[in-house]
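Have a look at the structure below, then the notes.
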2 protein chains.
Amino acid sequence: MIPAVNVAYVEPHHALDHALLILIKSGYSAIPVLERGERVRGTISKTLILDSILGLEQIEVDKLRDRQVAEVMNADVPRLHAQDTMMKALELSISRPFLCVEAEDGTFLGLVTRSAILERVHAYCRW
Amino acid sequence: MIPAVNVAYVEPHHALDHALLILIKSGYSAIPVLERGERVRGTISKTLILDSILGLEQIEVDKLRDRQVAEVMNADVPRLHAQDTMMKALELSISRPFLCVEAEDGTFLGLVTRSAILERVHAYCRW
Ligand SMILES: Nc1ncnc2c1ncn2[C@@H]1O[C@@H]2COP(=O)(O)O[C@H]3[C@@H](O)[C@H](n4cnc5c(N)ncnc54)O[C@@H]3COP(=O)(O)O[C@H]2[C@H]1O
Ligand SMILES: Nc1ncnc2c1ncn2[C@@H]1O[C@@H]2COP(=O)(O)O[C@H]3[C@@H](O)[C@H](n4cnc5c(N)ncnc54)O[C@@H]3COP(=O)(O)O[C@H]2[C@H]1O
């Protein structure tokens, strides 16, 4: 698991131009949206932001300032809990590049990425 | 494997504004770069294109028209061949979201995605 302190994230009320800059600077395609930095609300990606500003011909970057992350983010985010099995993480990661891990009280603990799951599987298969 | 006919791609000589539009319209984070639609030359992503136009403060979209895909693409693309094992595909997919499959004569055949590998592993583990 990538611990919360090493996870790039934005807040639901942040403007989209700020979110796109964070995404570009981090180098990631998608990152979690965390309320007050500790409650998972969704995920935001370069794909979702660029989709929202694609005009007829131009990419209208100036539209970004007036819109918020909450309007564009994907709120369908399954949570993983510390006691969940590897099988559950594997199943959920088939259709998502990363999974958000939560504590019992709902606090964000970190991310499990597809690369971490694939690495575990690879190590397991070699035995 | 996703057969070549269903794979979104661009050519090395295409302008970056065209490549970004293809990426946005396809909804994918990254797609292969194919010479004449049949030889793998690299991969291009929203991340690589946005990185190349991030000015001091602004995202300078008008710079895209004057640059080509070949200048920005990632040319480090391992190829998979039809006779390669699942283990090899698993190993290569740990650090790449998709793999390009080639025929003996180097012709592009299609893509193997992480979700396809994870799905196979999941089905295998359930037995
Ligand atoms: N700075 C870097 N160093 C080394 N390898 C890098 C890298 N950036 C990307 N990669 C490689 O490319 C894959 C796809 O990255 P992507 O940003 O599309 O997709 C990423 C990104 O959207 C998200 N992610 C990963 N680490 C993150 C973090 N610290 N904070 C926020 N989001 C993160 O999880 C997705 C899946 O990550 P995963 O590791 O499975 O898969 C990563 C990893 O194998
Ligand atoms: N239209 C769609 N329908 C259903 N699910 C979708 C989807 N677009 C994205 N996803 C889901 O999101 C994952 C990440 O997509 P992404 O575009 O970052 O990353 C994609 C994309 O960069 C590339 N890719 C997938 N299919 C492609 C195609 N037909 N042509 C070109 N590139 C493709 O391979 C990467 C890994 O794909 P993977 O399937 O493992 O993982 C996909 C898939 O699980």
Side-chain angles (χ1 to χ4, degrees), chain A residues 16-31 43 45-65 74 85-99 112-127, chain B residues 16-31 43 45-65 74 85-99 112-127:
Chain A
L16 278 185
D17 57 350
H18 170 74
L20 187 57
L21 276 180
I22 297 279
L23 276 162
I24 294 175
K25 295 215 159 112
S26 72
Y28 298 121
S29 302
I31 57 177
T43 60
S45 65
K46 286 170 177 156
T47 295
L48 287 172
I49 295 177
L50 289 172
D51 269 354
S52 75
I53 57 169
L54 180 61
L56 232 49
E57 273 309 319
Q58 278 301 328
I59 295 160
E60 296 157 4
V61 189
D62 36 16
K63 273 196 189 159
L64 289 175
R65 253 186 291 289
N74 173 1
T85 62
M86 173 72 180
M87 271 306 274
K88 182 161 179 205
L90 174 61
E91 197 167 339
L92 289 176
S93 73
I94 289 172
S95 56
R96 297 171 188 83
F98 63 87
L99 304 168
V112 169
T113 59
R114 275 180 170 171
S115 58
I117 290 172
L118 287 161
E119 215 156 22
R120 273 273 183 103
V121 167
H122 184 253
Y124 182 77
C125 291
R126 289 171 73 84
W127 287 96
Chain B
L16 279 186
D17 57 352
H18 170 74
L20 186 58
L21 275 179
I22 299 277
L23 276 163
I24 294 174
K25 295 222 160 105
S26 72
Y28 297 123
S29 301
I31 57 177
T43 61
S45 65
K46 287 169 178 156
T47 294
L48 287 171
I49 296 177
L50 289 172
D51 268 356
S52 73
I53 57 169
L54 181 60
L56 234 50
E57 274 308 317
Q58 278 301 330
I59 295 159
E60 295 157 3
V61 189
D62 36 19
K63 272 196 188 163
L64 288 175
R65 251 187 293 288
N74 172 3
T85 62
M86 175 72 183
M87 272 305 277
K88 180 159 183 204
L90 175 59
E91 194 166 343
L92 290 175
S93 73
I94 289 171
S95 56
R96 298 171 188 82
F98 64 85
L99 304 169
V112 169
T113 59
R114 276 179 170 172
S115 57
I117 290 172
L118 288 161
E119 215 155 24
R120 270 279 182 101
V121 168
H122 184 253
Y124 182 79
C125 290
R126 290 172 73 83
W127 286 99

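In what follows, every chain begins at residue 1, and chains take the letters A, B, ... in the order their sequences are listed.
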The criterion is side chain to side chain contact (heavy atoms under 4.5 Å, CB included); which residues satisfy it with B:Ser52, sequence neighbours excluded? B:Leu16, B:Arg67, B:Val72
Between the side chain of B:Arg96 and the main-chain N/O of B:Thr113, is any donor-acceptor distance below 3.5 Å? no
So what's closer than 4.5 Å to chain A heavy atoms on B:Ser93: side chain, backbone, both or neither? both
Could you work out, with side chain to side chain contact (heavy atoms under 4.5 Å, CB included) as the rule, every residue matching A:Ser45, not counting sequence neighbours? A:Ala30, A:Thr47, A:Leu48
To the nearest 0.5 Å, what is the distance between CD1 (A:Ile49) and NZ (A:Lys63)? 14.0 Å
Heavy-atom distances under 4.5 Å only: say whether B:Ile117 touches chain A with side chain, backbone, both or neither. side chain
At a heavy-atom separation under 4.5 Å, does A:Leu20 approach chain B through its side chain, its backbone, both, or neither? side chain
